[in-house]
Amino acid sequence: MLVLDVVGLTPRLLEHMPRLRALAEGGGRAELGTVLPAVTCSVQSTFLTGRLPRDHGIVGNGWYFRDLGEPLLWRQHHRLVQGEKVWETIRREQPGYRVANVCWWYAMGSTADTTVTPRPVYRADGRKEPDCWTWPPELHDELEAELGPFPLFTYWGPTAGIASSRWIVAAARRLLPDHDMTLVYVPHLDYDLQRFGPDGPEAVAAAQAVDEVLAPLLDDAERTGTTVVALSEYGITAARRPVDVNRALRRAGLLHVHTNPTGELLDPWTSRAFAVADHQVAHVYVPDADDLAEVSELLAALPGVAEVLDAAGRAAYGLDHERAGDLVLVAEPDAWFTYYYWLDDERAPDFARSVEIHKKPGFDPAELFWDGPWAKVRAAMHVARKKLGLRSSMRVVPLDPAPVRGTHGRLPADPADGPVLLSSVPLDGTERLEATEVRDLLLRLSRRRSPVG
């Protein structure tokens, strides 16, 4: 079985993807429900466990780790996901069932037989270099010899593009014959749809590019009689309004910062309220319950906020886990949340102008853009200084969020803009599947074949 996570795939975009459309025409297609928040880490964890975030604990792409006192995004250890993964369930029936994970999240240290996941090299002098982590370890050098280094700088950032998806698909083609289930994450649609929005020619071009890249892998699956399931976590919709939730909290005297030579830094230890922003959802942490009413009233009045979820509201969405914020904000359809907390760009932390997904206390889609016409020149000079052994910071990301044109995270208002599931085999009349039902579908399909030997 081949399970393709074509992030951002919707029924509208499928019209421009003849290979994937043919897959569904020869098998089945269903509307696919998602979860709140409709973001990568949460939805993938639901697909693989059949559980809601209240049970598997992945309340977003990151959250405030209360025991560490730090907001952290994009952690990678699979033990953060609470619950049995689908292949672990299958192995109870089919011992020896072999699984490959190619870039699905929370892959490091998992029980999959084979793993490939992005993992940059961070050198002592501050350099960040492209690389990946693999299991077994020798696979790293084998893939690099065949495909070149993992193209990290086309996987995210202002140079994000089709090259990373092409590398991932090539790696999956190599692994497919030796595994019973191969999970493959294909990220390309995420980039230009966030940059330019879901309705323009760039979105069509991105969809066509992904379809073309997937074609050889789909050919392999057809030739080997492999069942294919292609699905998506969310659809990307038009974005018009960035919402500065942390700045609102700071102006109200609820969010505190401390200052050092790098600029102003969010101080979660002394703040009465702060938010971990994640696309169209923001987790707001309020240590003192006596402040909840004040914070809730303040944020409910903030333009662009559609809902402020308290304990009962979180429970209604299956988001009542201890990792979630004490309040959870949901943006209006054309709005999204920034992580920004400084009030003067001159006092922004140095990492704000860099592609720095681990230091920022929230998601930053502005990392997909260059900061003006000279940003590429500054980037080249930074690389040159690094090669000479000099310390340097790469200041290429804009602090203006206005260019962002696409977002996600809310539950979709229109199924045409939501996720979809395609299958190379009939779905027996099923017209809609919830995200929590994907695991059971994979279980049923796994029984169609004996394990590879």
Side-chain angles (χ1 to χ4, degrees), residues 33-86 88-89 104-110 233-234 245-246 249 266 268-269 271-289 291-292 295-296 299 305-331 337 339 358 361-363 408-411 419 434-440:
T34 189
V35 299
L36 190 80
V39 298
T40 292
C41 293
S42 299
V43 184
Q44 285 189 1
S45 297
T46 292
F47 288 159
L48 295 181
T49 65
R51 299 179 172 196
L52 292 170
R54 71 155 58 97
D55 300 310
H56 60 59
I58 306 304
V59 298
N61 292 325
W63 55 87
Y64 179 56
F65 284 65
R66 300 175 198 262
D67 51 346
L68 299 177
E70 296 280 359
L72 300 170
L73 280 78
W74 304 110
R75 303 294 97 182
Q76 291 184 280
H77 191 8
H78 88 114
R79 288 191 182 275
L80 289 170
V81 184
Q82 299 164 351
E84 187 174 71
K85 315 306 183 295
V86 60
E88 296 168 344
T89 306
W104 281 51
W105 210 252
Y106 299 117
M108 295 186 71
S110 84
E233 305 151 7
Y234 50 77
V245 56
N246 276 324
L249 293 170
L266 172 67
W269 309 284
S271 293
R272 292 167 57 199
F274 65 92
V276 177
D278 197 354
H279 299 84
Q280 291 183 300
V281 172
H283 290 272
V284 182
Y285 295 88
V286 187
D288 189 339
D291 289 328
L292 281 172
V295 175
S296 180
L299 297 178
V305 173
E307 296 182 80
V308 179
L309 305 180
D310 58 10
R314 295 196 310 276
Y317 284 106
L319 198 48
D320 46 331
H321 190 279
E322 63 182 2
R323 293 171 177 168
D326 302 288
L327 300 170
V328 175
L329 307 185
V330 181
F337 297 112
Y339 79 94
H358 298 304
F363 174 71
H408 61 91
R410 289 173 50 94
L411 299 183
E434 298 301 329
T436 51
E437 296 176 307
V438 168
R439 172 185 176 275
D440 288 344

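Computed from heavy atoms alone, side chains included, the values below leave out hydrogens, waters and symmetry copies.
Looking only at side-chain heavy atoms (C-beta outward), Asn61 and Trp74 come within less than 4.5 Å of each other. At least one side-chain heavy atom of Leu319 sits under 4.5 Å from a side-chain heavy atom of Pro37. Looking at Trp104 and His78, their side chains never come closer than 4.5 Å, going by heavy atoms from C-beta outward. The closest side-chain heavy-atom distance from Thr49 to Asp55 is not below 4.5 Å. The closest side-chain heavy-atom distance from Val86 to Asp440 is not below 4.5 Å. Side-chain contact between Tyr64 and Pro268 is present, with heavy atoms from C-beta onward closer than 4.5 Å. Using a 4.5 Å cut-off on side-chain heavy atoms (C-beta onward), Leu48 and Trp105 make no contact. Within the 4.5 Å cutoff, no side-chain heavy atoms of Val281 are placed close to those of Phe337.
A donor and an acceptor atom, one from each side chain of Arg439 and Thr46, are nowhere located under 3.5 Å apart. Side-chain contact check for Gln280 and Tyr234: no donor-acceptor pair (N or O, by modelled atom type) lies under 3.5 Å. For the 3.5 Å distance criterion, the side chains of Arg75 and His358 qualify, holding a donor opposite an acceptor.
The aromatic rings of His279 and His408 sit tilted relative to each other, their planes meeting at an angle between 30° and 60°.
Annotation for Gln82 and Arg51: closest pair O-NH1, 3.6 Å, computed over non-hydrogen atoms. The two residues Ala275 and Val245 have their closest heavy-atom pair at CB-CG1, 3.8 Å.
Applying the salt bridge (Lys or Arg N to Asp or Glu O under 4.0 Å) criterion to Glu88, with sequence neighbours excluded, gives no partner residue.
The existence of a salt bridge linking Arg272 and Asp326 is excluded, since no basic side-chain nitrogen approaches an acidic carboxylate oxygen closer than 4.0 Å.
For the atom pair CG of Leu327 and CG of Leu309, the computed distance is 8.5 Å after rounding to the nearest 0.5 Å.
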